[in-house]
Amino acid sequence: MGGGTEAFPDLGRHCEFSDCRQLDFLPFKCDACRHVFCVDHRSYISHACLKSDRHSRKVLVCDACSMSIETTGCGGEDEEKAILQRHQKLGHCDPAKKKKPTCPVRRCKEPLTFSNTTVCKGCQIPVCLKHRFPADHACKGRATSSPAPAPLRGATNNKFLVAFAARNEKDCGNKSRESTSSPTTIPSVKAF
């Protein structure tokens with residue numbers, strides 16, 4: 001069925017959904033079944049597309065090694081079983097990979113994954129984020145994040161204390177408060 005009007009016969013197309021047949025000047029072509037639909041029936045669900053899974057992807061997870069295998073999902077359960085059997089026969093299946101490493105800290109059962117693992121700079125042991133600080137996992141390596149040596153730190157503190165004492169000796173803060181708090185310096189205002 002064509003589209004358009006009498007004056008412009010090539011303009012637009014009729015919706016190919018059986019209950020609609022509306023003339024649409026901006027029709028949509030389904031990329032799965034290649035039929036033309038109006039804006040209301042352009043989705044796979046709205047026109048009950050039989051080929052909607054043509055572009056879909058499905059992920060199968062091997063029960064033995066927890067490895068994920070991508071497939072189209074068009075073949076059904078028979079194809080899925082064949083893919084899993086081929087995975088095992090080719091030697092890609094390693095049951096040792098199934099168990100994820102856990103945090104080595106005593107009584108911590110947190111599995112170490114890509115997003116929650118950090119390596120301690122002191123002892124080079126991977127730990128979970130809860131135990132990332134050396135004190136949290138009883139780090140036996142060198143302390144890389146130790147503060148500055150005592151003489152330098154003391155000198156810095158001494159300079160600060162000297163400056164602080166000098167400031168307090170001047171009492172500049174107390175003088176300004178006294179001058180503003182005395183009633184003789186505040187001008188009085190009379191209402192008329």
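Residue numbers run from 1 in the order of the sequence given.
Here NE2 of His35 is found 10.0 Å from NZ of Lys29. Values are rounded to the nearest 0.5 Å. Distance check: Leu90 CG to Gln85 CD gives 11.5 Å after rounding to the nearest 0.5 Å. Of the inter-residue distances, the one linking Cys139 atom SG with Arg132 atom CZ reads 14.5 Å to the nearest 0.5 angstrom. Note that the NZ atom of Lys81 and the CG atom of Leu60 stand 12.0 Å from one another [nearest 0.5 Å]. A distance of 13.5 Å separates CZ of Arg13 from CG of Leu26, quoted to the nearest 0.5 Å.
Heavy atoms only, all atoms of each residue included: Cys30 and Tyr44 are closest at SG-CE2, 3.7 Å. Taking every heavy atom of both residues into account, Glu16 and Arg21 meet most closely at CA-NH1, 3.5 Å. Pairing each heavy atom of Cys15 with each of Cys38, the nearest pair is SG-N, 3.5 Å. Annotation for Lys140 and Cys123: closest pair N-CB, 4.4 Å, computed over non-hydrogen atoms. The shortest heavy-atom contact between Cys62 and Leu84 is CA-CD2, 4.1 Å.
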Mind running side-chain contact (heavy atoms from CB on, under 4.5 Å) on Thr71 and Ile69 for me, showing each step along the way? CA-CA 7 Å; Thr71 180; Ile69 305 161; 5.8 Å; no

Report the C-alpha distance between Val127 and Thr118 in whole Å, list the side-chain angles of each, state the deciding distance to 0.1 Å, and finish with yes or no for side-chain contact (heavy atoms from CB on, under 4.5 Å). CA-CA 6 Å; Val127 292; Thr118 184; 4.0 Å; yes

Step by step, would you call Cys20 with His41 a side-chain contact (heavy atoms from CB on, under 4.5 Å)? CA-CA 9 Å; Cys20 181; His41 300 108; 3.5 Å; yes

How far apart are the C-alpha atoms of Phe28 and Val39, what are their side-chain angles, what is the distance that settles it, and do they pass the side-chain contact (heavy atoms from CB on, under 4.5 Å) test? CA-CA 7 Å; Phe28 294 90; Val39 70; 3.9 Å; yes

Under 3.5 Å, which donor-acceptor pairs link side chains of residues 102-112 to any protein atom two or more places apart or in another chain?
from	atom 1	to	atom 2	distance (Å)
Glu110	OE2	Asn116	ND2	3.2

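Panel note: side chain Ser46, backbone Ser43; a donor-acceptor pair is recorded below 3.5 Å.
In this structure the side chain of Val119 reaches within 4.5 angstrom of the side chain of Gln124, judged on heavy atoms.
Just one of His87, Arg86, Glu80 meets the side chain to side chain contact (heavy atoms under 4.5 Å, CB included) condition when paired with Ile83; it is Arg86.
Taking the six-membered ring wherever Trp is involved, the centroid distance between the rings of Phe37 and His47 falls below 6.0 Å.
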